[in-house]
Amino acid sequence: MKDIFLATYLAVKEVVRNRGRFLMVALVIALITVLVLFIAALGEGLSDANRQYVANLDAQLIVFLEKSDYSITASRLETNTVKSVRRIDGVADAGPIYTSNSEIVSLPEPLKISLLGAEADRPGMPALIEGRYFRGGEAREAVMDLSVAERSNLKIGDEIEIRSTQGTEDEFYSLTIVGLVDEQAYFFQPTIFVPAATWELMRPQASSDLGSDTPYPNIIAVKLNDPLQVEEMKQRLVNQISNIEVADIETTINNIPGYTAQQGTVQTQGGFTLLIGILVIGGFFQIQILQKVPQIGVLKAIGSSNFVVGLSAIIQIVIVTAIGVGIGAVLNYLFSLGLPPAIPLDFNGTRSLIAIALLLLIGPLGGMVSIIYAIRIEPLKALRLG
Amino acid sequence: MKHSALEVRDLVKSFTVDGIAFNAVDHVSFKVNSGEFVALVGPSGSGKTTMLSILAALLTPTSGQVKIDGQDLAKMSETERVKLRREKIGFTFQSNNLIPFLTAQENVEFMLRLNGVLGHAGRLRSGELLARLGLADRLHNLPAQMSGGQQQRVAIARALIHEPTLVLADEPTASLDTERAFQVVETFAHLIHESERAGIIVTHDLRMCKHVDRVLQMEDGKLVRIYEGKKEIKELSQGVLKH
């Protein structure tokens, strides 16, 4: 215990008495922190913007058209498949999901949205946080995601106009907002939910599709009686229904177009930034230790143990890293206050917390070489012989 | 009766350079009693610093015996050597003596911290010791804010504060002007005598031997001559005697 106090005493005294020098390296760590947290927040934000709707589905399995490679956009199921799925033993409920894109044009700035068709109170339709679900049929009613409301100041009861390219013509449709859901971004866009028939009417479509008024779901969200029986139910569905393939939620997310590549890129960037952090911190502390060789020699010569010298170096690195990460986190927070909602940054995500934990680790990790070096310094360095 | 603080018997330290072995310390024996201040002199390469390193338990001898306060260094583990240096030995070095981020008083108190005995009394004693060394107004100064002579006096205080058996000084006056060098050695000698410690000063400047009780002269690793008696030492320090 005495040695721990002694090491802490030495570390704190040196940091306080040389605060200018240590603050400088803390600021470098702060900049690295800003960069790492920004990348982490971007990764979290992009990830959310891409998968939020699928990740928050009240379902365990997703049914796709066979050979669609679990791609939502490539999958288009027969209308009676939903009923077939619901009849399978072990399925609690199933809901069709229809996906397309559209644009709200009745706002000062047009807003691109994901136009999703779903059945109220079925898997695929998220829980309301305000208002009511739309009625069935071709009701001109919509439930909007909170992110649409945040970007457009729309509220329940407001009427919106959406544009849809059908054939070679732009068609415009009116919808009344009747309900609000939260955290339902999909494919980088805020979402609007409408009944299946309304979706079929309003979705952008090629000239060849215009004659049909039957909505074909892209996928079906399946809620199981026993959420733990995912693998068994997957097999059962494939065996009993023809022309389908089934995936769990994670597989579905990973197959959202571009999701895996994008997340891989962001994570690689984050990893490299951390690596740069390790090298910068390692370099700084190595130079510092090299400058302190005679001083460490004196400390050892007068009776300080290797444990005290090594622990003191570790404590010092931890203090400086913690200060740097703290400053960086505050800077990030201030930075996040000024960002528009359209930029997909999420500073509150798990990744930011992991990034902070990793940043706190890179200090001692980067300084490891210098700590080992300090421990190996011979006390003879205090004498001219060294 | 004064007891033997340091005993060196038939000490040898060999090195091999470019395949050629030589004895940096060659069968040296001597004793230093408590309250005795001894100078170790000799030309560059004579083995003074190697000898000091062995006495400081920083270097292991090839053969022979070193006893500090009756404890045989050869029989000690590395941990025991660290403890011995902390408790039984006081050091001053030629340069880089003090911990640069600690004030004068903190540097002195550090030895008490190391030994886990820093209390109110220890703090008072360190302040008093520094005041006796003329540094009452420098207690809270960092080493960089003090002159070389002042730094050496702080180092002397640090070397003595924990009441070690043996105080070792490696060229403590090398970076000082003559006047300050004399002051430092005189103060050192006074405190060694007063506190009944055994002191060894390594120096190449014979003028600094004026305040010591004995001079051990080394050459090519051997102890070639011992100067004793005030007259002989005075003559040596004044350059009357050829060494």
Side-chain angles (χ1 to χ4, degrees), chain A residues 1-23 25 285 287-313 315-317 319-320 374-386, chain B residues 13 15 24 44 47-59 78-79 81-103 106-107 109-118 142-144 155 158-159 161-162 164 168-171 174 202 204:
Chain A
M1 191 54 84
K2 185 195 85 184
D3 281 356
I4 294 171
F5 280 125
L6 200 62
T8 310
Y9 171 81
L10 283 173
V12 171
K13 281 282 179 191
E14 186 167 12
V15 171
V16 171
R17 295 266 157 79
N18 295 311
R19 49 191 171 273
R21 181 153 41 108
F22 282 101
L23 185 66
V25 76
F285 283 106
I287 290 167
Q288 161 133 316
I289 291 286
L290 286 174
Q291 287 174 337
K292 289 193 332 187
V293 168
Q295 179 192 315
I296 292 170
V298 168
L299 272 173
K300 289 189 177 183
I302 62 176
S304 301
S305 62
N306 278 335
F307 177 77
V308 168
V309 171
L311 184 64
S312 170
I315 292 170
Q316 212 169 68
I317 292 169
I319 291 172
V320 175
I375 288 169
R376 287 186 177 168
I377 290 171
E378 287 289 328
L380 273 174
K381 296 278 181 191
L383 300 169
R384 288 163 296 148
L385 193 72
Chain B
K13 180 65 187 177
F15 290 109
S44 182
K48 307 186 296 287
T49 304
T50 306
M51 171 64 81
L52 194 76
S53 305
I54 295 169
L55 301 183
L58 296 172
L59 202 60
E78 186 49 39
T79 311
R81 283 162 179 266
V82 171
K83 189 167 180 279
L84 178 97
R85 287 204 295 271
R86 191 162 63 212
E87 293 176 352
K88 305 262 182 187
I89 302 176
F91 288 96
T92 69
F93 306 103
Q94 183 179 342
S95 57
N96 300 307
N97 228 322
L98 303 175
I99 301 165
F101 51 83
L102 297 182
T103 63
E106 287 166 348
N107 260 290
E109 286 172 359
F110 187 70
M111 281 316 296
L112 301 176
R113 273 184 197 279
L114 261 178
N115 286 298
V117 293
L118 176 65
L142 292 170
R158 185 185 64 189
I161 189 74
H162 57 301
L168 300 173
D170 178 30
E171 297 272 14
V202 167
H204 64 276

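Each chain gets a letter, A, B and so on, in the order its sequence line appears, and its residues count up from 1.
Heavy atoms of A:F5 lying under 4.5 Å from chain B are absent altogether. Proximity to chain A involves both the backbone and the side chain of B:T103, based on heavy atoms less than 4.5 angstrom apart. Using a 4.5 Å cut-off between heavy atoms, B:I89 makes no contact with chain A at all. For chain A, no part of B:L84 is nearby; none of its heavy atoms comes within less than 4.5 Å. If you measure heavy-atom distances from B:R81 to chain A, you find no contacts under 4.5 Å at all.
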Handout entry: Candidate pair A:L299 and B:F110, rule side-chain contact (heavy atoms from CB on, under 4.5 Å), full reasoning
Key = CA-CA 10 Å; A:L299 272 173; B:F110 187 70; 3.6 Å; yes
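In terms of heavy-atom pairs under 4.5 Å with chain A, the best-connected choice from B:M111, B:E87, B:R86 is B:R86. Annotation: maximal heavy-atom pairing with chain B below 4.5 Å, among A:L6, A:I302, A:N306, occurs at A:I302.
Listed here is the closest heavy atom pair of B:F101 and A:L10: CE1-O, 3.5 Å. Closest approach of A:A301 to B:L58, counting heavy atoms only: CA-CD2, 4.1 Å.
Here the OH-CG distance, from A:Y9 to B:L102, works out to 4.5 Å after rounding to the nearest 0.5 Å. Taken to the nearest 0.5 Å, the NZ atom of B:K83 stands 13.0 Å off from the OG atom of A:S305.
Between the A:K2 side chain and the B:R113 main chain, no donor and acceptor come within less than 3.5 Å of each other.
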